Amino acid sequence: MNRHSPLERIKLLNPEFPNKSTGIINGKSSGLLNWNDIAYPQMYDIYQTLLSNFWKAQEINMQDDIKQWDSLSTTEQDVFLRINTQLASLDSLQTPTMSQVMDYVTDSSFKAIFAVISQQEAVHNESYSYLLSSLVPLSEQNNRFNQAKNDPIVQKRNKLILDAYEGFRENPTPQNLFKLGVNSINLEGIYFYAGFAFFYNLARHQKMLKTSTMISYIQRDEMQHAYFIAQFIRILLAENPELNTDDNMDYVYKTIGHAVNLEKEWAHVILSEIEGIDLNEFESYVEYLANKRLRQLGLKNLYEERENPMPWIHIFSDEMINETKSDFFEQKSRTYTKVTQSNGFDEL
Ligand code: ZN
Ligand code: ZN
């Protein structure tokens with residue numbers, strides 16, 4: 001296989017081939033999915049975890065946040081809306097990208113997971129719209145989306161991801177699929193976190209708790225997506241050793257390092273006036289996340305090893321795994337005291 005030859009869009013049904021595919025790309029596969037007969041049985045666990053996370057925006061009653069909205073400072077409101085539309089923009093890009101990958105992946109179990117991820121990105125996108133519609137009129141929503149589209153720092157951030165995604169759309173080679181995967185990890189596993197930190201910080205101050213409940217559902221999904229895509233890349237490299245080059249490993253470190261710098265830069269723009277967020281601590285947190293993403297890829301840390309420097313982000317998310325869908329932000333004493341590492345969640 002030449003890593004620069006375009007992948008073919010595969011036929012829907014190939015009856016002469018087995019159901020269990022011979023490869024995640026360029027494989028022989030009938031196109032039919034029997035979960036009992038798949039090449040990587042752990043994919044069924046990932047699929048099940050994604051499904052068990054299922055939620056929808058309307059399950060969260062926004063009344064408390066609607067009442068509280070007017071008591072936020074002008075800066076808090078401004079940052080809230082800027083972050084909301086910027087995160088919605090990322091999810092808008094991820095929905096079609098995850099669907100597009102399905103056309104070229106030849107293992108039906110992976111296609112099914114990409115389909116679920118694409119669906120979840122659509123739910124995230126809708127949930128940001130749901131928040132906006134609860135809080136501000138359509139004219140203001142449109143202003144904010146235009147702001148996100150025209151903001152040079154947002155554009156610079158998105159360019160890194162978009163170049164890789166467009167590269168694959170124009171020329172769907174194995175090499176470009178690899179690059180798309182690395183950039184998806186940045187989108188899913190690094191780019192959301194300045195925004196998430198802002199909402200969790202509000203929650204720490206007992207503000208906009210319903211919003212943060214929704215954000216924590218989104219974060220839980222995104223962590224699973226980043227984890228799955230890391231697994232996808234590892235399998236892609238293992239099955240296609242011609243992709244497993246020094247250049248490509250450099251590409252991973254450089255691209256993740258670049259995303260870390262862009263996330264730090266964005267945090268300085270968006271969070272500098274927000275009380276309760278220490279930007280040095282946030283920078284350390286982004287590096288901590290990057291190390292985690294690299295380890296999921298089976299690679300070495302890019303930054304010094306450290307404990308989670310913003311455990312209040314971890315606590316909220318850790319709690320999510322163990323509890324049912326309750327408004328746990330309001331269960332203050334438990335939320336702040338209970339941290340367990342036992343479920344392996346830390347490696348997500
Ligand atoms: Zn999303
Ligand atoms: Zn995602």
Side-chain angles (χ1 to χ4, degrees), residues 43 46-60 82-102 105 110-132 145 148 154 157-158 160-162 164-165 168 177 179-200 211-233 255-256 259 262-263 266 286 289-290 292-293 296-297 313 316-317 320-321 325 345 347-348:
M43 290 304 136
I46 293 181
Y47 172 82
Q48 287 296 341
T49 305
L50 288 170
L51 282 200
S52 65
N53 286 354
F54 183 81
W55 61 281
K56 54 185 250 183
Q58 289 73 15
E59 289 169 7
I60 299 162
R82 277 183 83 176
I83 289 179
N84 182 304
T85 46
Q86 186 261 331
L87 295 179
S89 308
L90 292 178
D91 277 318
S92 303
L93 304 176
Q94 197 68 345
T95 308
T97 301
M98 293 294 101
S99 309
Q100 191 216 356
V101 168
M102 288 164 64
V105 165
F110 285 79
K111 282 177 192 271
I113 293 173
F114 279 114
V116 174
I117 293 178
S118 182
Q119 179 266 340
Q120 291 184 333
E121 304 302 3
V123 169
H124 300 168
N125 208 151
E126 183 212 351
S127 66
Y128 293 118
S129 306
Y130 177 73
L131 282 181
L132 284 176
F145 272 105
V154 172
R157 276 160 65 72
N158 290 354
L160 182 67
I161 308 274
L162 281 171
Y165 285 11
F168 183 72
L177 180 60
K179 288 183 173 176
L180 179 149
V182 175
N183 283 277
S184 279
I185 289 179
N186 283 337
L187 185 150
E188 304 274 6
I190 295 195
Y191 266 16
F192 285 110
Y193 280 82
F196 289 167
F198 169 74
F199 293 117
Y200 289 142
T211 298
S212 284
T213 298
M214 187 179 287
I215 291 296
S216 68
Y217 293 161
I218 294 175
Q219 185 195 356
R220 182 178 59 177
D221 291 345
E222 305 303 12
M223 283 189 304
Q224 288 292 344
H225 299 171
Y227 173 74
F228 165 71
I229 294 163
Q231 300 303 302
F232 175 78
I233 292 175
T255 308
I256 290 183
L262 289 168
E263 189 65 10
W266 173 241
V286 180
L289 282 178
K292 202 181 259 199
R293 304 302 166 226
Q296 286 173 347
L297 284 164
I313 293 182
F316 289 138
S317 51
M320 293 295 307
I321 289 295
K325 296 178 194 175
F345 187 82
E347 280 310 308
L348 282 184

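Quantities reported herein were computed from a predicted structural model and do not represent experimental measurements. Just follow the structure's listing: the first ligand is 1, and inside any ligand the first atom is 1.
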- Message: With heavy-atom distances below 4.5 Å as the criterion, would you say the side chains of Leu132 and Phe145 are in contact?
- Response: yes
Closest [X] atom to the Zn ion (ligand 2) [N, O or S only]:
X	value
His225	ND1
Glu188	OE1
Glu121	OE2
Glu222	OE1

* **Sidechain-backbone polar pair: Tyr130 side chain, Ile60 backbone, donor-acceptor under 3.5 Å** =>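 Indeed, once roles are kept as given, a pair shorter than 3.5 Å links the two residues.
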Item checked: Name, closest N/O/S atom of Asp91 to the Zn ion (ligand 1) ->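 The atom in question is OD1.
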Exercise for review: Specify which N/O/S atom of His124 comes nearest to the Zn ion (ligand 1), by atom name.
Suggested key: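 Going by distance to the Zn ion (ligand 1), the closest N, O or S atom in His124 is ND1.
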Check your understanding: For the atom pair CD (Gln48) and CG (Asn53), what is the distance rounded to the nearest 0.5 Å?
Key ->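 Atom-to-atom, Gln48:CD and Asn53:CG are 11.5 Å apart.
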Query raised in the report: Between Phe114 and Phe232, how do the two ring planes meet: parallel, tilted or perpendicular, split at 30° and 60°?
Result: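 Taking Phe232 first and then Phe114, their aromatic rings stand perpendicular (interplane angle over 60°).
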Are side-chain N/O atoms of Gln94 and Tyr165 paired as donor and acceptor at under 3.5 Å?
yes
